[in-house]
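Comments concern the structure below.
A, B, ... follow the sequence lines: proteins, then strands. Residue 1 opens every chain. Hydrogens, waters and symmetry mates play no part in the numbers below; they use all other heavy atoms, side chains included.
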There are 2 protein chains.
Amino acid sequence: MKLDSEHLEILAVIVEKGGLTEGADALGKSQPSVSRSMALLEKRIGSALFEPGRRPLRPTELGQRLAKLGGQIRSANQEASLLVRRFQQGHAGRLRVGGTQIFMDGVISTMIADFQSRHDDVQIEQSYGYMDGLAAGLRNGTLDCAILPMPPAQVPAEMTFVPLLPGHNVIACRAGHPLTRRKGITLADIDNYTWIAPPSDSPLFRDLQRAVKAIGRDDFRVSFSGGTLASIMSVLTGSDALTIMPYSVVFLARRSLALDVLPLRIEHPDRQLGLLTMTGQQAPAALKRFSEFLTAEFHRLRNRMDHELQMARRRG
Amino acid sequence: MKLDSEHLEILAVIVEKGGLTEGADALGKSQPSVSRSMALLEKRIGSALFEPGRRPLRPTELGQRLAKLGGQIRSANQEASLLVRRFQQGHAGRLRVGGTQIFMDGVISTMIADFQSRHDDVQIEQSYGYMDGLAAGLRNGTLDCAILPMPPAQVPAEMTFVPLLPGHNVIACRAGHPLTRRKGITLADIDNYTWIAPPSDSPLFRDLQRAVKAIGRDDFRVSFSGGTLASIMSVLTGSDALTIMPYSVVFLARRSLALDVLPLRIEHPDRQLGLLTMTGQQAPAALKRFSEFLTAEFHRLRNRMDHELQMARRRG
DNA sequence: GTTATTATATGACCTGATGTTATGAAGCTG
DNA sequence: CAGCTTCATAACATCAGGTCATATAATAAC
């Protein structure tokens, strides 16, 4: 025989509050309603839950013990309500975030760390990919959002793109690199150094090809390839090799690594680094939070980058 | 917002079984019923519990977590059902047993120990009293049963008395007492020894008075009084004092103490030691068990006492 | 791709639990 | 014993939740 959990919860409150009337109050129900629920429960189990003929209603031994179980049920139920609320407010949940490797590793991951320290119950599943894969992930529901560089004109119809930062690539090198001491850098200067290549299927790699071509060369010497950001940084700071990177990545990495940027403008399509999501789809609330958080963080990041730019101009 | 515990339980089963249809089966409900319950829950919380457009229904992150809480509720509920069943079968519960001191201490307490070793969840609250107090306790519901000597004719109308043993008192002394070596014991013989008096308000004390009077004396010397069974036994075995006691108490005590019984018949009203309960009242199931248990135990006790009587007759 | 199969959702209907207010009965208190 | 408090009951309305029949949609099979 299955008991009604609701009945047990009511019982728990009555016993806790010390009386049917007070219990009804605490439950926000009318006294007769509660009374009848208990009568029904007693009828079901065929035993008394309360000592008969006692006016401040006192539980029997059985009533007492069932009330305890009712209390367990009650607290589980309350926790469930709480959980729902937190999910809806985005304080809990799962967020599947996809993005391009270098940018995720160099910029987003520290922001995710910040985000999680404020929303400790949001579980983030990160994955890597480029535009096509990420879009597919969004479409088939295995991703909640994607962070990637994108020409605003190419945003798929059913998706929304929130730009976060201009997609500005630079040529990076170790601090103190010989080229940083030159005033005017020439083709020949650059030609003396090898390149660290980003993954060969990445847009960054194509950017590198394009940039080199724009400088007037068809090929370039690759001294290191196939690594993720961590390896690239190690090679970069430990050698005179050059690489191409989003400026934001260099900017942030400079806080802990000795890096520098060559004063050379690189041509590439007008892209924005931003957040891509499915448009109509009802998004998890945590996504909204995450999106707002990223927007704010990138706003700050931009300010800091602009500020540094001012300083650099003043200096030279 | 309060969620329906029933819904959470259903969710738990669905998630556990891996599908709505299987879950409905496991719950013994129809598939549409379960489907609608989930639809209702989703509507209430305003979020999806299952990934949309997945045929073997798969829970969302929120659904997964709520299901876990539903599982907790479910197991508490099941435990409640179990508890009720055990109560009804008398394997659990509380039994308030009252009785006369000497008899409770000397006979019933060991039986209670036996009973509890078989019904480990029955909690026994023992109290002492004599007829009037015990009857009052039964009437006002502070006692579930009483164990006491009673003349069958005096059983109150609203109560039921189950005789367990003839209320046969004897004069006890230490083993090896001088009187046990005599063939015919005379008044004068007894007069040489002092008495250990049972509590002065006990029927046993009145029995002692009556017995002494029947022998032809009006008074008797009391060397010890006011003790419970344990003290009485100590004094009895450590001195030549005599006392009056139910034979059953002496019989059982002899297993571990050096006691003997004087071959003197004591006159007293025709009483039965037995179990007194309220008649109509719906008794706790544990009481029925206890009553049956006592009946069986006393049956065995009687057989053993009879057997010893046979042996004693044969010997002398 | 089309069909078959299986899984889930929906409609129509009925029962029963639960909410309400008004009121009666019974224990507790002074 | 009077009066207060506490609980139970009656009468009624509403809605959750049970059923079966059936539609729809995802997956599997061909």
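- If you take CG of B/L27 and C1' of D/dG17, they are 13 Å apart, rounded to a whole angstrom.
- From B/R74, atom CZ reaches atom CG of B/L11 across 11.5 Å, with rounding to the nearest 0.5 Å.
- Rounding to the nearest 0.5 Å gives a distance of 11.0 Å between CG of B/L273 and CE of B/M150.
- If you measure from atom CZ of A/R58 to atom C1' of C/dC28, you get 14 Å, rounded to the nearest angstrom.
- With salt bridges taken as basic N to acidic carboxylate O contacts below 4.0 Å, none links B/D121 and B/R94.
- The structure places CG of B/L164 at 7.0 Å from CD1 of B/I147, a figure rounded to the nearest 0.5 Å.
- At whole-Å resolution of the value, NZ in A/K17 and C1' in D/dC7 are 19 Å apart.
- Distance B/D25 CG to C/dA7 C1': 12 Å, rounded to the nearest Å.
- Here D/dC7 presents its C1' atom at 12 Å from CD of A/E42, a figure rounded to the nearest Å.
- Relative to the axis of its first five pairs, the axis of the last five pairs of the helix from C/dG1-D/dC30 to C/dG30-D/dC1 sits at 50°, rounded to 10 degrees.
- Separating the CD atom of B/E51 from the C1' atom of D/dT27 is a distance of 17 Å, rounded to the nearest angstrom.
- Look at A/S35 and you'll find a side-chain N or O under 4.0 angstrom from OP1 or OP2 of D/dA8.
- Side-chain atoms of B/R58 do not come within 3.5 Å of backbone N or O of B/F50 as any donor-acceptor pair.
- Look at CD1 on B/I14: it is 9 Å from P on C/dA9, rounded to the nearest Å.
- Under the rule for a salt bridge (Lys or Arg N to Asp or Glu O under 4.0 Å), the partners of B/K29 that lie at least two apart in sequence or sit in another chain are B/E6.
- Taking 4.5 Å as the limit, every side-chain heavy atom of B/F115 sits out of range of all side-chain heavy atoms of B/L294.
- In this structure, B/L20 atom CG and D/dA25 atom C1' are separated by 14 Å, rounded to whole Å.
- A donor-acceptor contact closer than 3.5 angstrom links the side chains of B/E9 and A/S5.
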Exercise for review: Under the side chain to side chain contact (heavy atoms under 4.5 Å, CB included) rule, what do B/H119 and B/R289 come out as? Steps first, then yes or no, please.
Suggested key: CA-CA 9 Å; B/H119 306 275; B/R289 293 234 164 207; 3.4 Å; yes

What are the atom names and distances for every N/O pair under 3.5 Å that joins the protein to nucleotides 17-21 of chain C?
from: C/dA17; atom 1: OP1; to: A/R44; atom 2: NH2; distance (Å): 3.2
from: C/dT18; atom 1: OP1; to: A/D4; atom 2: OD2; distance (Å): 3.4
from: C/dT18; atom 1: OP1; to: A/H7; atom 2: NE2; distance (Å): 3.4
from: C/dT18; atom 1: OP2; to: A/H7; atom 2: NE2; distance (Å): 3.1
from: C/dG19; atom 1: OP1; to: A/K29; atom 2: NZ; distance (Å): 2.5
from: C/dG19; atom 1: OP2; to: A/S33; atom 2: OG; distance (Å): 2.1
from: C/dG19; atom 1: O5'; to: A/S33; atom 2: OG; distance (Å): 3.2
from: C/dG19; atom 1: N7; to: A/R36; atom 2: NH2; distance (Å): 2.7
from: C/dG19; atom 1: O6; to: A/R36; atom 2: NH1; distance (Å): 3.1
from: C/dG19; atom 1: O6; to: A/R36; atom 2: NH2; distance (Å): 3.0
from: C/dT20; atom 1: OP2; to: A/S30; atom 2: N; distance (Å): 2.7
from: C/dT20; atom 1: OP2; to: A/S30; atom 2: OG; distance (Å): 2.6

